[in-house]
Amino acid sequence: MAVNASLTRKLCNPSNLTSLYSLPTKIRPLDPATVSPFEFPAPVSSQAFDYSFYASLINKSTHKNHLNQIHAQLLVSGSQDDRLLITKLINSGVAFGEIRYARNIFDEFREPDLFLWNAIIRGYSRRNMFGDVIELYLRMQVASVSPDCFTFPSVLKACCGLPALRMGCRVHGQIFRHGFESDVFVQNVLVALYAKCGQIGPARVVFDGLCDRTVVSWTSIISGYAQNGDPMEALRIFSQMRQSNLKPDWIALVSVLKAYTDVDDLIQGKSIHGCVIKMGLEDEPDLLISLTAMYAKCGQVTVARSFFDQMETPSLTLWNAMISGYAKNGYAEEAVGLFREMISKKIRIDSITMTSAILACAQVGSLELARWMDDYTTSSEYRNDVFVNTALIDMYAKCGSVDLARTVFDRTVDKDVVVWSAMIVGYGLHGQGREAIDLYYTMKQHEVCPNDVTFVGLLTACNHSGLLEEGWKLFHHMRDYGIEPRHQHYACVVDLLGRSGHLEQAYDFIMKMPIEPGVSVWGALLSACKIYRHVALGEYAAQQLFTLDPYNTGHYVQLSNLYASARLWDCVGKVRVLMKEKGLSKDLGYSLIEINGKLQAFLVGDKSHPRHKEISEELERLEKRLKEAGFVPHTESVLHDLNYEETEETLCNHSERIAIAFGLISTPPGTTLRLTKNLRACVNCHSATKFISKLVNREIVVRDATRFHHFKDGFCSCGDYW
DNA sequence: ATAGGGTTAG
């Protein structure tokens, strides 16, 4: 089979997929902690009490039991009131993860001083037990112990998250009252706190108020902007930092790399890589993770992989960076492969690994693989993770089953906006606009506030179902939630208006847009013009597109399709010439079909399959039956329709048809056929597949470049509207 | 104290 490199990359190696199914479904439990014996010296008499003796003993401990023995000794020797030693015991208890034990020691102490309070508060803060932190902090105030610069960082950490931010603001006030408003240590934590709560404004105010900024202050504000979707500002501040002659440390570089990762600026990212080498930090394993992530996200997966391979034992985070880097750049097969490797090598996996692997499966599109992934997840400890469940919902929807997506949705506890949105988007993908809208109202009943993505999903759902009025209403609903429409939202409205034939209104709407119309908006107008053969307006839209996005093949193809639909064959030819001049060629069409968990690929007119003979017999049979059933091929315009597949061959040689024929001879009667196409459904194949679904009494599910079609009994779920 | 890998849309 003659396939180009990018195609080979997209297709999955079936043997990889099938071997995945035989893997164990349980995640390995962690090894139980082993307790090494502790050599406790002979009991000492009370007069032999020595602070440094006990201190070194505590330092040597490795288990709670050791601490217990020392504590007992302190009691025997009457030194149980030594604040420094008790603080040390508490700190060690925390370090061993024995927070309850540390708390007992603390509770036994009469009138704890500031050191003890700090130790136990810090302990809870390290274990992320924020409720206890706040409770103890309040009790400390009741006990009239004044906090100091060691108390505030732990307490502020506990104020992360919007609901706790009110507490954070109160603590901010107390920091002033206790005179720590110029303590860099405390102020740095305040910057980080506000930034983590998405309050970048207040974070900036605190940062600007600092007179002696340390590397940590700069790093906090840089990562604050990087985390809050403003990487450009993060980078601006980074250059200010360098002007102030402060040398960035490796953590600062990690934050900057994150910003470049989001900006998708490989050139600048590389220059930071240069910085890393100049500063001799290239062996810093944690910096390597950021570099890997940066290169992977900017599409340089091979470079990223070389970093990965140079580590003898990659950390979990590095595995995750590599897997998600692959998954996000269309290297689904590699991503799933690495995940498989982790399982077979019994390497520890976390919810981030799961999420990234699920994302990759969503791209593969195999329902069987999706099911396997779901089973694996449900039998693991991540079955209630919101991120994982959201990814599963998305995966099932993209693998063709809204029903299974709904099952995951229903079993997800504590649904946030993203969960609801993923389900709404899923309904939209399958053209179930009504269900999407219903779910939106249910979501509001649950008092979950929609976001901009929710509306992209809703508007797309309306498009895929032709719900003009509902879409229009929803678009205006956005402002009630203070959501500014973005390009996608405008594009959806243009699509809605255009597809329902309101071309003039669509054009007026574009002219009145408060933001500069972008590629998606003009693209929507152009495809509407194609449907209604509005050549003049379509040419205008195409002109805008050629200026904004000159090297995107899709726009030329669309214009050519418009000309073809209006039978302006000369113009079709001109577009072809134009494309040639720019060195653009259209994508080759292919279809995948899943048979018994294996994906099989077919190109246009594909004759390479081992069962080619049987397939062509089936194709002939099908064509005969189609004719008898009264199917008339839409030859003329389709034959010139560049959007679809190469037309040198006859229409029934489109990859979709071949894949269906193969599916019919490879599965028992009544089995649902599941196909994935890289291009959009062509008019001719679409109506042929409707006929076929009735003739052979099969359900046929087709995922095209933009949505799903469910063919059944001669009808398609899209209502011929796509 | 400061950070890196994750979900919906594009």
Side-chain angles (χ1 to χ4, degrees), chain A residues 122 125-126 149-150 152-154 156-157 183-193 195-196 213-224 226-227 248-259 261 284-294 296-297 314-325 327-328 350-359 362 382 385-395 397-398 405 409 412 415-426 428-429 450-460 486-489 491-492 518-520 523:
Chain A
R122 185 169 50 231
S125 191
R126 289 233 173 107
C149 63
F150 291 96
F152 290 120
S154 306
L156 286 174
K157 188 187 167 197
D183 184 299
V184 203
F185 203 80
V186 175
Q187 297 296 314
N188 286 347
V189 184
L190 264 178
V191 173
L193 166 74
K196 274 187 194 143
R213 293 168 189 159
T214 63
V215 181
V216 175
S217 327
W218 288 98
T219 307
S220 302
I221 195 73
I222 289 171
S223 70
Q227 285 163 358
D249 63 0
W250 67 270
I251 299 184
L253 291 176
V254 163
S255 313
V256 175
L257 277 170
K258 155 95 175 141
T261 303
E284 179 59 63
D286 291 336
L287 203 39
L288 214 68
I289 296 170
S290 301
L291 281 171
T292 309
M294 189 274 292
K297 282 238 183 91
S315 66
L316 177 56
T317 313
L318 186 56
W319 279 98
N320 290 347
M322 200 60 233
I323 292 178
S324 83
K328 288 200 162 160
D350 69 0
S351 62
I352 296 183
T353 326
M354 296 292 309
T355 312
S356 309
I358 295 169
L359 184 68
Y382 307 112
D385 187 285
V386 196
F387 274 67
V388 168
N389 279 323
T390 310
L392 281 176
I393 293 169
D394 175 57
M395 174 191 74
K398 288 193 178 139
F409 175 82
T412 305
K415 302 180 186 61
D416 64 2
V417 223
V418 187
V419 175
W420 289 92
S421 304
M423 195 61 229
I424 289 173
V425 169
L429 201 58
N451 66 14
D452 54 336
V453 182
T454 319
F455 281 101
V456 173
L458 281 167
L459 292 173
T460 317
R486 286 181 299 108
H487 283 105
Q488 269 70 43
H489 303 103
C492 284
V519 174
S520 48

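Lettering of chains follows the sequences in order, A, B, ..., and the numbering in each one begins at 1. All figures in this text were calculated on a predicted structure; none of them were measured in a lab.
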Could you tell me how far apart [X] ([atom1]) and [N] ([atom2]) are, to the nearest whole angstrom?
{"X": "A:Asp416", "N": "B:dT7", "atom1": "CG", "atom2": "C1'", "result": "8 Å"}
{"X": "A:Arg486", "N": "B:dT8", "atom1": "CZ", "atom2": "P", "result": "14 Å"}
{"X": "A:Ile358", "N": "B:dT8", "atom1": "CD1", "atom2": "C1'", "result": "14 Å"}

Output one line per pair: protein atom, nucleotide atom from nucleotides 2-6 of chain B, and distance, for all N/O pairs under 3.5 Å.
unit_1, atom_1, unit_2, atom_2, d
B:dA3, OP1, A:Ser223, OG, 3.3
B:dG4, N2, A:Asp286, OD1, 2.4
B:dG5, O3', A:Ser324, OG, 3.3
B:dG5, N2, A:Asn320, ND2, 2.5
B:dG5, N2, A:Asp350, OD2, 2.5
B:dG5, N3, A:Asn320, ND2, 3.0
B:dG6, OP1, A:Lys297, NZ, 3.4
B:dG6, OP1, A:Ser324, OG, 3.2
B:dG6, OP1, A:Lys328, NZ, 3.4
B:dG6, N2, A:Ser351, OG, 3.2
B:dG6, N2, A:Asp385, OD1, 2.9
B:dG6, N2, A:Asp385, OD2, 3.4

So, is A:Arg126 close to the B:dA1 phosphate, meaning a side-chain N or O under 4.0 Å from OP1 or OP2?
->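 A:Arg126 to B:dA1 OP1/OP2: side-chain N or O found under 4.0 Å.
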Does any residue of residues 451-458 of chain A have a heavy atom under 4.0 Å from DNA chain B, and if so, which ones, in number order?
->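 The stretch gives A:Val453, A:Val456 as the residues lying under 4.0 Å from the strand, ordered by number.
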Under 3.5 Å: donor-acceptor pair, side chain of A:Ser223, backbone of A:Ala226 |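 Not at all, since once roles are kept as given, no pair shorter than 3.5 Å links the two residues.
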When you measure from the side chain of A:His489 to the backbone N and O of A:Leu459, does any donor-acceptor pair fall under 3.5 Å?
->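 Between the backbone of A:Leu459 and the side chain of A:His489 there is no qualifying donor-acceptor contact (under 3.5 Å).
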Using every non-hydrogen atom in the two residues, find where [X] and [Y] come nearest and quote the distance to one decimal.
{"X": "A:Arg213", "Y": "A:Trp218", "answer": "CB-NE1, 3.6 Å"}
{"X": "A:Ala397", "Y": "A:Gly426", "answer": "CB-CA, 3.7 Å"}
{"X": "A:Thr454", "Y": "A:Ser421", "answer": "OG1-OG, 3.0 Å"}

Looking across every strand, which nucleic acid part, if any, lies under 4.0 Å from A:Lys398 by heavy atom: base, sugar-phosphate, or nothing?
->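 Since only primed, P, OP1 and OP2 atoms lie under 4.0 Å of A:Lys398, the category is sugar-phosphate.
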Tell me what A:Val418 touches on the nucleic acid: a base, only sugar-phosphate, or nothing, going by heavy atoms under 4.0 Å.
->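 Counting heavy atoms under 4.0 Å across all strands, the contact made by A:Val418 includes a base.
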Does A:Thr214 have any side chain to side chain contact (heavy atoms under 4.5 Å, CB included) partners at least two apart in sequence or in another chain, and if so, which?
->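 If we apply the side chain to side chain contact (heavy atoms under 4.5 Å, CB included) test to A:Thr214, skipping adjacent residues, the hits are A:Val184, A:Asn188, A:Val216, A:Ser217.
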Distance (rounded to the nearest 0.5 Å) between A:Lys297 NZ and A:Lys258 NZ |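 It is 5.5 Å, given to the nearest 0.5 Å.
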For A:Thr317 and A:Asn320, test the side chains for any donor-to-acceptor distance below 3.5 angstrom and give the result as yes or no.
->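 Checked: A:Thr317/A:Asn320 side chains show no N/O donor-acceptor pair below 3.5 Å.
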